[in-house]
Peer 1: 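Structure in structure tokens, see below.
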Amino acid sequence: MSTEHAAPDHDQELPEQMRVRLAKRAQVLAEGREPYPVVVERSHTLRQVRDAHPDLPPDTATGDVVDVTGRVIFLRNTGKLCFATLREGDGTELQAMLSLALVGEDELARWKATVDLGDHVHVHGEVITSRRGELSVMADAWELTSKAVRPLPSTHHELSEETRVRQRYVDLIVRPQAREMVRARAEVMRTLRAQMHERGFTEVETPMLQLVHGGATARPFVTRANALDTDLYLRIAPELFLKRCIVGGIERVFEINRNFRNEGIDSTHSPEFAMLETYQAYATYDVMADLTRELVQACARAVFGSTVVRHADGSEHDLGGTWRSVTLHGAVSEAVGVEVTPDTTAEDLRKLAAAHDVALKDSWSAGEIVLELFEKLVEHTLQEPTFVRDYPIEVRPLTRQHRDDPRLTEAWDLVVFGHELATAYSELVDPVEQRRRLQEQARLGAAGDAEAMRLDEDFLRALEYGMPPTGGMGMGVDRLLMTLTGLGIRETILYPLVRSE
RNA sequence: GGGCCUCUAGCUCAAUCGGCAGAGCAGCGGACUUUUAAUCCGCGGGUUCGGGGUUCGAUCCCCCGGGGGCCCA
């Protein structure tokens with residue numbers, strides 16, 4: 001690995017600071033040392049050193065001699081005494097000191113001539129506190145453990161959003177919140193899994209490459225299987241495979257994995273996003289609501305130690321307790337100040353829409369207008385977690401009819417901070433009705449409706465074997481992180497899709 | 001897909017009416033044995049996103065293209 005970097009004429013095009021650092025790397029090699037050693041002594045992590053000496057008074061010598069490592073994030077070199085702040089992976093920082101008296105003139109000069117901000121170093125020495133009381137390792141020996149040939153950005157200014165996303169590794173180096181997000185995300189994933197397992201759900205993995213895409217209304221990505229000489233779709237939802245599991249007798253089943261939707265990209269939508277999707281036999285959408293609330297609250301506790309979540313803007317929000325539940329028609333009624341029910345005619349709804357400056361398409365039915373009124377007038381106002389229930393059948397064409405009103409469906413959307421976080425249904429399990437609805441959607445597809453889906457005959461065959469009454473729920477994991485942290489989706493996804501530079 | 005804004009040193013940002021392209025941090029040289037965004041003295045660093053045009057002269061004005069953001073569909 002220790003070959004020369006590149007042709008000299010190429011180096012001439014590099015920024016000055018990289019040329020300087022590359023020259024330092026070359027100098028290390030010329031001295032017969034290794035800028036990227038294989039093995040590094042590390043007797044203690046910085047955390048361990050800190051934990052072992054929590055409250056030393058200033059100017060103390062402990063007699064403890066340690067080998068520590070870390071990235072140099074801060075340098076203060078004076079004539080005969082140098083200070084460097086080291087940081088390790090968990091964010092713990094510890095000061096290293098190099099004095100002329102201990103390391104000698106040559107080693108001190110080599111330190112000054114070699115080490116830049118961003119380099120990884122190893123320091124061997126005694127744990128002490130400085131006169132100002134800073135816990136430190138007073139070096140009697142040091143070595144480079146990895147030379148950074150690219151300078152770190154200024155730590156006094158925020159990186160631009162674009163750089164943070166495109167070079168997440170730099171974001172992670174300089175911004176503690178970026179590292180906290182990675183850990184919060186891991187904590188949420190772990191908690192979701194643990195909670196589901198605790199409740200007796202079985203985790204499965206279903207195909208991401210599919211011959212027929214389905215389970216949601218979204219445009220898919222298309223790819224090519226050479227061996228089969230056929231196009232395949234990246235899945236837009238795992239739903240139809242998870243339902244097959246329910247048919248097969250896996251009565252509580254879930255999957256946490258990636259879905260792909262070939263649609264818009266903005267602060268709340270990513271083409272590749274993580275979802276928890278789950279089905280439970282003999283459950284209804286009410287059961288799924290309780291499950292969803294408990295999952296979200298468990299994740300809040302895992303990240304914040306309480307159901308009170310702290311957003312990036314400093315605001316705090318309690319997601320605890322039970323959550324509000326409203327019907328779609330009730331929520332719209334409240335917003336327009338007039339009672340709206342499934343009996344309200346399209347004509348009357350159009351007048352209400354006009355009165356509230358909501359534009360409608362001429363073709364829309366009463367149910368579609370009610371949904372539009374909700375999305376334009378209500379959704380963004382729902383800050384507290386709210387289950388919005390009982391959508392008209394026209395806008396949930398694949399969902400079973402409501403037990404009390406055949407014009408509605410047993411479906412809810414969970415809205416928090418103005419955005420949809422999860423959705424659930426009492427699932428349609430009648431194979432005859434399911435076929436009729438899917439055929440209807442396919443007909444719309446043939447009529448040019450890109451969101452309508454093709455018929456999945458194998459899924460219908462599965463239903464024909466008999467699927468028990470089932471509740472189903474899907475929750476966006478990225479959205480959940482957004483709910484907990486108040487950040488945009490491009491912050492919650494470690495490496496979101498970006499256009500090539 | 002449409003409209004508006006934006007792209008300048010490694011990073012974050014300035015640059016008047018079209019007139020020598022600057023600052024802070026970072027870097028380089030020097031001083032400094034207790035610093036904490038160290039301090040002090042000195043110095044270097046630019047394809048102003050790319051291409052074209054107007055002009056004596058373009059970071060600035062115009063056109064085309066690219067990246068990013070916001071709003072709308």
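Since the model is a prediction, treat every value here as computed from it, not as a measurement. Quick note on labels: first sequence line is chain A, next is B, and so on, each numbered from 1.
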Peer 1: Using atom CZ of A/R19 as one end and atom P of B/A9 as the other, report the distance to the nearest whole Å.
Peer 2: 15 Å
Peer 1: Please work out which of the three classes, parallel, tilted or perpendicular, describes the rings of A/H311 and A/H317, given edges at 30° and 60°.
Peer 2: tilted
Peer 1: Please determine whether a side-chain nitrogen or oxygen atom of A/S99 lies at a distance below 4.0 Å from atom OP1 or OP2 of B/U34.
Peer 2: no
Peer 1: Would you say a side-chain N or O of A/K112 is under 4.0 Å from OP1 or OP2 of B/G27?
Peer 2: no
Peer 1: Suppose we define a pair by two distances each less than 3.5 Å, Watson-Crick or G-U wobble; what does B/A58 pair with here?
Peer 2: none
Peer 1: Can you list the steps and then say if A/E161 with A/R166 is a salt bridge (charged side-chain N to carboxylate O under 4.0 Å, His left out)?
Peer 2: CA-CA 9 Å; A/E161 205 254 345; A/R166 283 189 186 275; over 6 Å; no
Peer 1: Looking across every strand, which nucleic acid part, if any, lies under 4.0 Å from A/N77 by heavy atom: base, sugar-phosphate, or nothing?
Peer 2: base
Peer 1: Whether A/R490 contacts B/G68 is assessed here as follows: a side-chain N or O lying under 4.0 Å from the phosphate OP1 or OP2. Is that the case?
Peer 2: no
Peer 1: Would you say A/T163 places a side-chain N or O within less than 4.0 Å of OP1 or OP2 belonging to B/G68?
Peer 2: no
Peer 1: Determine which nucleotide pairs with B/A21, using a 3.5 Å limit on both distances of a Watson-Crick or G-U wobble pair.
Peer 2: none
Peer 1: Is any side-chain N or O of A/E162 under 3.5 Å from a base N or O of B/G68, one able to act as donor and the other as acceptor?
Peer 2: no
Peer 1: Please give the nucleotide sitting opposite B/A14 as a Watson-Crick or G-U wobble pair, both distances under 3.5 Å, or none.
Peer 2: none
Peer 1: Determine whether a donor-acceptor pair (one donor, one acceptor, N or O, separation below 3.5 Å) exists between the side chain of A/E16 and the base of B/G44.
Peer 2: yes
Peer 1: Below the 4.0 Å mark, does B/C11 have OP1 or OP2 next to a side-chain nitrogen or oxygen of A/R150?
Peer 2: no
Peer 1: Can you tell me the distance, in whole Å, between the CD atom of A/E134 and the P atom of B/A37?
Peer 2: 10 Å
Peer 1: Where the side chain of A/L117 is concerned, which of B/U36, B/G27, B/U33 is the nearest nucleotide?
Peer 2: B/G27
Peer 1: For B/G45, what is the paired nucleotide under Watson-Crick or G-U wobble rules, both distances under 3.5 Å?
Peer 2: none
Peer 1: Given the rule in the side chain to side chain donor-acceptor pair (under 3.5 Å) test, do A/Q95 and A/R76 qualify, once you have shown the distances and angles that lead to the verdict?
Peer 2: CA-CA 11 Å; A/Q95 180 166 271; A/R76 299 168 296 279; 2.8 Å; yes
Peer 1: Would you say A/R389 and A/T327 are linked by a side-chain donor-acceptor pair, where the criterion is simply a distance under 3.5 Å?
Peer 2: no
Peer 1: Over all strands shown, is A/L159 touching base, sugar-phosphate only, or nothing at heavy-atom distances under 4.0 angstrom?
Peer 2: sugar-phosphate
Peer 1: Does A/L102 or A/R499 map to a spot on RNA chain B nearer the 5' end, using the closest nucleotide for each?
Peer 2: A/L102
Peer 1: With sugar-phosphate meaning primed atoms plus P, OP1 and OP2, does A/R164 contact a base, only sugar-phosphate, or nothing at under 4.0 Å between heavy atoms?
Peer 2: nothing
Peer 1: Counting Watson-Crick and G-U wobble pairs only, both distances under 3.5 Å, name the nucleotide matched with B/U8, or none.
Peer 2: none
